[in-house]
Amino acid sequence: MAEEKPRQFVGKTEFKKGLEGAITNESSISYVDGANGKLIYRGFSIDDLCAGGGGFEETAYLLIDGELPTKAQLGAFSKDLAGRRAIPQEVKDLIIMIGSRTHPMNTLRTAVSVLGCLNTKEFEVNVENDLDIAMSLTAQFPTVAAAIQRVRNGQSILDPDPSLGHSEDFMRMMTGEAADPRTAEVMDMALIIHAEHGMNASTFSAMVTNSSLTDMYSSICAGIGSLKGPLHGGANEATLNTFLEIEDPAKTDEWFAAAKEKKQKVMGFGHRVYKAYDPRAVIFDPIANEFAERAGSGHLHEIAKKLEALVVADLGGKGIFPNVDFFSGVIYNAMGIDTDMFTPIFAVARIAGWSARILEYLPENRLFRPRAVYVGDLESNYTPIDQR
Ligand code: SDX
């Protein structure tokens, strides 16, 4: 047994890697009930918010403001957002320049950075100014994402139509035509249920960055960077690629057996908090079937259900079930959205949660500064380089 190295640390040294179970702060923004598979935003279940008809705008208002809006408040908020939806020519030029040469999450991250460079008040760090930035970014994310999809497909960038709702205009700017009501409704629902999820990696990244009292654009860029990863928001893209790789439902067993052999993690499954079905996967499952059937891609949902049965039978006892990223890609694929655009769509929703968390923490800000247990050597003797 290797000699136990001295641990140089003041205080307790028991810890779990990845801050598992660590508490960062108190919040009233959302509650992720991991044992029972429930997700609550400011006291309201996502199921009620999806059924309520208030749309993504109502959820964004609730997350950022803390209360459900009245009709008049929602109208004013939605009008404010719609009026901020346009993006400057510099950002359009950037998307045209690099949009087809790099992953859409890189272009989104860079576009946010350019928006920050163009905002002369970017470094005025206070709730009022950061709320103004949050509103603009929440409004502009769909415009940037839609422009990226179009440029990557050799199409011209479309400007917003402020007379349309948030999700409706997002779909129009992306596809060039008015979305059918059901598609707009489902995209709205997708944005609602992706909007916020406690102290996930990208929210934590945004908050840690913002806790140094830097500008909000830098903090949101940190969130985008984290969300891109396949263990987090990038899993929706990776999951659909798994289904495309399996291709034939009859090959699902064979694929899973090989994945098990390689001890490969199956994308779209597992969660640090949920040890039951992710309620967002429960909502998406039937919609994925509906949209896949409509688009003639029913085999993708069939593969998903076969894989779900295999993984849950094998790993359900360890609390591994489908998460939000398992079915969402089947829906977006059926809507004609490019696979590598799935994570930017996640960001189009999560900008509301990132903003709400940053704004909630800012008034009583405290720099995040954890420590690591030092297990290296101490007091080593320095040997001059010509003697090494
Ligand atoms: C999101 O945090 C959030 O809230 C995120 C999110 C949000 O809304 O912000 O919900 C969105 O990111 C959902 C997760 C998307 N990611 C994926 O689908 C990628 C695949 N999932 C895994 O990488 C994993 O489940 C994580 C990263 C999501 C969570 O992993 P943990 O909590 O760090 O768990 P772990 O990696 O320590 O695994 C524990 C055990 C291991 O087995 P043992 O070593 O104990 O034998 O479970 C196994 C793992 O091998 N395991 C899996 C698995 N996930 C965990 N085995 C096979 N396939 C998987 N997907």
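Start at 1 with the first residue, then count along the sequence. All values reported here derive from a predicted model rather than from experimental measurement. Counting convention: from 1, in listed order, for ligands and their atoms alike. Both backbone and side-chain heavy atoms feed into the values below; hydrogens, waters and symmetry mates do not.
When only non-hydrogen protein atoms are considered, atom 27 (C) of ligand 1 lies nearest to L231 O, 4.1 Å. Annotation: atom 6 (C) of ligand 1 to nearest protein heavy atom, H271 NE2, 3.7 Å.
Distance check on atom 32 (O) of ligand 1: some protein heavy atom falls below the 4.0 Å cut-off. Within a 4.0 Å radius of atom 44 (O) of ligand 1, the protein contributes no heavy atom. Distance check for atom 15 (C) of ligand 1: a protein heavy atom is found below 4.0 Å. The protein does not reach atom 37 (O) of ligand 1 closely, with no heavy atom under 4.0 angstrom from it.
Within the 4.0 Å heavy-atom shell around ligand 1 one finds D325.
Distances from atom 12 (O) of ligand 1 to the heavy atoms of H194, H232, K17, H197 show the closest one on H232. Counting only non-hydrogen atoms, the option in P322, G270, A259 that gets closest to atom 25 (O) of ligand 1 is G270. The closest non-hydrogen atom to atom 59 (C) of ligand 1, taken over N236, N323, V266, comes from V266. Here atom 20 (C) of ligand 1 lies nearest to F269 when heavy atoms of F326, F269, F321 are compared. Considering each of R272, K265, M199, the one bringing a non-hydrogen atom nearest atom 29 (C) of ligand 1 is R272.
Close approach of ligand 1 to N200 is summarised as follows: ligand atoms under 4.0 Å from at least one heavy atom of the residue are 2 (O), 3 (C), 4 (O), 5 (C), 9 (O). Per-residue contacts place A235 under 4.0 angstrom from the following atoms of ligand 1 (heavy atoms of the residue considered): 15 (C), 16 (N), 17 (C), 18 (O). Under a 4.0 Å criterion applied to the non-hydrogen atoms of L315, ligand 1 contributes the atoms 56 (N), 57 (C). When each atom of ligand 1 is checked for a heavy atom of K318 under 4.0 Å away, the hits are 42 (O), 43 (P), 45 (O), 46 (O).
Of the N and O atoms on the side chains of D285 and H301, at least one donor lies less than 3.5 Å from an acceptor on the other residue. Using modelled atom types, one finds a donor on one side chain and an acceptor on the other under 3.5 Å when comparing N236 with T343. For the residue pair S380 and D377, no side-chain donor N or O sits within less than 3.5 Å of a side-chain acceptor on the partner. With 3.5 Å as the limit, one finds a donor-acceptor pair spanning the side chains of R109 and N106. With hydrogens and angles left out, the side-chain atoms of Q73 and T70 include a donor and acceptor closer than 3.5 Å.
With a heavy-atom cut-off of 4.0 Å, R280 touches ligand 1 through its side chain alone. Under 4.0 Å from ligand 1, the heavy atoms of I320 that appear belong solely to its side chain. At a heavy-atom distance under 4.0 Å, only backbone atoms of P230 (N, CA, C or O) approach ligand 1. For T203, no heavy-atom contact with ligand 1 is shorter than 4.0 Å. In E20, neither the side chain nor the backbone holds a heavy atom less than 4.0 Å from any atom of ligand 1.
A distance-only check finds no donor-acceptor pair linking the side chain of Y217 to the backbone of V114 [under 3.5 Å]. A distance-only check finds no donor-acceptor pair linking the side chain of S226 to the backbone of A222 [under 3.5 Å]. Looking only at distances, no side-chain donor or acceptor of S218 sits under 3.5 Å from a matching main-chain atom of T214. Between the side chain of N210 and the backbone N or O of S219 there is no donor-acceptor pair closer than 3.5 Å.
Geometrically, R294 engages F291 in a cation-pi contact, judged by NZ or CZ lying under 6.0 Å from the ring centre and within 45° of the ring axis. For R84 and F77, the positive end is not near the middle of the six-membered ring at less than 6.0 Å and at most 45° from its axis.
For the pair G268 and ligand 1, the shortest N or O to N or O distance falls below 3.5 Å. Residue R350 has at least one N or O atom closer than 3.5 Å to an N or O atom of ligand 1. For K275, no nitrogen or oxygen atom sits less than 3.5 Å from a nitrogen or oxygen atom of ligand 1, counting backbone and side chain alike. Considering backbone and side-chain atoms alike, D278 places every N or O at 3.5 Å or more from each N or O of ligand 1.
The aromatic rings of F204 and F368 sit perpendicular, their planes meeting at an angle over 60°, well past the 30° parallel limit. Taking the six-membered ring for Trp and thresholds of 30 and 60 degrees, H232 and F346 have ring planes more than 60 degrees apart, a perpendicular arrangement. Using cut-offs of 30° and 60° for the angle between ring planes, the F243 and F326 rings count as perpendicular.
When the options H197, R357, R42 are evaluated for a side-chain hydrogen bond (donor to acceptor under 3.5 Å, both in side chains) with S30, the one that passes is R357.
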